[in-house]
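Comments concern the structure below.
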Amino acid sequence: MPGLLSDILAWVAIATFVAGVVANRRDRELARRVMAAAWVLFAIFWLQLIPHFTLVHKSYIEGILTIAAVPASLYAGWLLYSGRDTLFVLSRAVAAMGLVYLPFETIPALTLFGATVPAPRGILMESVAAQTNFLIESLGYSTTMIRGDEGYLNTFLWMQGSHRIEIAVVLACTGLGSIAIFAGLITAVDAPVRRKFRALAIAVPIIYALNLLRTTFITISVGKQYFQIFVDEVLFLFGSSDPYLVSFFISDRIISQVLAVVALIGITYLVVREVPELLTVIEDILYMVTGEEYDLHSELGFDGPNDRRA
């Protein structure tokens, strides 16, 4: 996230979702109003992130999704407020996603009783970087790991002649975001705990392993400059003037992000096989996009009841 404002907005929005979850145990109508307010705050959170993903991060896919998240959040809040109770499930999922993701994003290193407790984000980034380095070396490549701008050992140094190329494993490169999404969705639905654990056991390892392959692919591609094609066109497309970034834009912003969408669809299918109750969330999303009701349990032939209860 760009800074303190994003962190504060994120925690306020997630805290409001959590408050709605607690309220729903006693007063459904109070919970409805609290959750609707949480969706408005969530829309504001995504709104202030648009410049970061479109202008700074230069990601077309993430930029489009961030822009779409603003009206989608407002619409979800309106539908929930108007009586679409199935959206309580998606609201609970967002609360759980935030509780998984935000500690890694916002909690700094702490000093307790003279001992330093490292920031969760630093531990995760350094772990993913070390595992990526192991895969890079296993493939016969050699690079140097150095400390990045935040002081973590999460950056790879490659040399192209006298030119330094540094590729850092940041929090967005750890797979945590996708893991938080699936963890939130799985824990939010009304399903037996055993099936939830099986679904998590499918989603989390697959996401983590695929992400390591992604970081390895990007790091090698950029470090060795393997995708220096259509240089002028790619630089124009991403608004950059540094030719050494072309391999990064192609390997990360184009190839990896497209493949990530495909992989997430496949993982969703595997998870839904274990927890078909998740189809309720997908039905709600399809309704918000198309305005039409869907019965995916019947259409896709999944076993289990089409439970519309929240």
Would you call [X] and [Y] a salt bridge, taking side-chain N to carboxylate O under 4.0 Å as the test?
{"X": "E277", "Y": "R195", "value": "yes"}
{"X": "E150", "Y": "R121", "value": "yes"}
{"X": "R32", "Y": "D27", "value": "no"}

Do you reckon [X] sits in the same ILVMFWY cluster as [Y], going by side-chain contacts under 4.5 Å, direct or chained?
{"X": "V271", "Y": "I265", "value": "no"}
{"X": "I165", "Y": "I229", "value": "yes"}
{"X": "V12", "Y": "L4", "value": "yes"}
{"X": "L279", "Y": "I267", "value": "yes"}
{"X": "I107", "Y": "I8", "value": "no"}

Are [X] and [Y] close enough that some pair of their side-chain heavy atoms sits under 4.5 Å apart?
{"X": "L237", "Y": "F230", "value": "no"}
{"X": "L9", "Y": "L41", "value": "no"}
{"X": "Y226", "Y": "I220", "value": "yes"}
{"X": "I167", "Y": "V222", "value": "yes"}
{"X": "T280", "Y": "V189", "value": "no"}
{"X": "W39", "Y": "L90", "value": "yes"}
{"X": "F156", "Y": "E166", "value": "no"}
{"X": "V70", "Y": "Q48", "value": "no"}

Problem - Parallel, tilted or perpendicular, as decided by the 30° and 60° cut-offs, for the rings of F42 and F17 - result: perpendicular

Handout entry: Among T215, N211, L213, side chain to side chain contact (heavy atoms under 4.5 Å, CB included) partner for T132
Key =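 For T132, the side chain to side chain contact (heavy atoms under 4.5 Å, CB included) check succeeds only for T215.
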
Exercise for the section: Among L278, I282, T268, find the one that has a side chain to side chain contact (heavy atoms under 4.5 Å, CB included) with L185. Expected result: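 Of L278, I282, T268, side chain to side chain contact (heavy atoms under 4.5 Å, CB included) with L185 is met by L278 alone.
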
Exercise for the section: Show your working on side chain to side chain contact (heavy atoms under 4.5 Å, CB included) between Q225 and Q160 and close with a plain yes or no. Expected result: CA-CA 8 Å; Q225 296 285 280; Q160 285 289 325; 3.9 Å; yes

Testing the basics here: between [X] and [Y], what is the closest heavy-atom pair and its distance to 0.1 Å?
{"X": "L212", "Y": "Q131", "result": "CD1-OE1, 3.6 Å"}
{"X": "V275", "Y": "A191", "result": "CG1-CB, 3.9 Å"}
{"X": "V21", "Y": "M35", "result": "N-CE, 3.4 Å"}
{"X": "T16", "Y": "A37", "result": "CG2-C, 4.5 Å"}
{"X": "Y101", "Y": "A180", "result": "CB-CB, 4.0 Å"}
{"X": "S91", "Y": "L80", "result": "OG-CD2, 3.7 Å"}

Exercise for the section: Establish, from distance only, whether the side-chain atoms of T86 and D284 form a donor-acceptor pair under 3.5 Å. Expected result: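 D284 and T86 do have a side-chain donor-acceptor pair below 3.5 Å.
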
Handout entry: Residues, nucleotides or ligands: over 12 heavy atoms within 6.0 Å of Y208 OH
Key = yes

Handout entry: Neighbour count >12 (heavy atoms, 6.0 Å) for atom CH2, W78
Key =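 At most 12 heavy atoms, drawn from other residues, nucleotides or ligands, come within 6.0 Å of this atom.
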
Exercise for the section: Would you check, one step at a time, whether the test side chain to side chain contact (heavy atoms under 4.5 Å, CB included) holds for T155 with M145? Expected result: CA-CA 6 Å; T155 302; M145 292 191 68; over 6 Å; no

Return yes if some donor-acceptor pair links the side-chain N/O of [X] with the main-chain N/O of [Y] below 3.5 Å, else return no.
{"X": "N154", "Y": "V169", "value": "yes"}
{"X": "S178", "Y": "G175", "value": "no"}
{"X": "Q228", "Y": "P243", "value": "yes"}

Practice task
State yes or no: are the ring centers of F248 and F227 separated by less than 6.0 Å?
Solution key: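 No, too far apart.
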
Practice task
Any chance you could lay out the side chain to side chain contact (heavy atoms under 4.5 Å, CB included) test for D242 and F249, step after step, and finish with the verdict?
Solution key: CA-CA 11 Å; D242 185 353; F249 290 137; over 6 Å; no

When rounded to the nearest 0.5 angstrom, what distance separates [atom1] in [X] from [atom2] in [Y]?
{"X": "L135", "Y": "T216", "atom1": "CG", "atom2": "OG1", "answer": "4.0 Å"}
{"X": "M125", "Y": "T174", "atom1": "CE", "atom2": "OG1", "answer": "8.5 Å"}
{"X": "L245", "Y": "D252", "atom1": "CG", "atom2": "CG", "answer": "11.0 Å"}
{"X": "I218", "Y": "I250", "atom1": "CD1", "atom2": "CD1", "answer": "12.5 Å"}
{"X": "S6", "Y": "W46", "atom1": "OG", "atom2": "CH2", "answer": "10.0 Å"}
{"X": "I136", "Y": "Y141", "atom1": "CD1", "atom2": "OH", "answer": "10.0 Å"}

Handout entry: R84 charged N/C atom sitting above Y287 aromatic ring, 6.0 Å / 45°
Key = yes

Practice task
Please report the C-alpha distance between R147 and E126 in whole Å, then the side-chain angles of each, then the deciding distance to 0.1 Å, and finally whether the side chain to side chain contact (heavy atoms under 4.5 Å, CB included) criterion is met.
Solution key: CA-CA 10 Å; R147 296 195 177 276; E126 288 189 342; 3.7 Å; yes

Practice task
Evaluate the criterion side-chain hydrogen bond (donor to acceptor under 3.5 Å, both in side chains) for residue pair S221 and S251; output intermediate values, then yes/no.
Solution key: CA-CA 7 Å; S221 297; S251 63; 4.7 Å; no

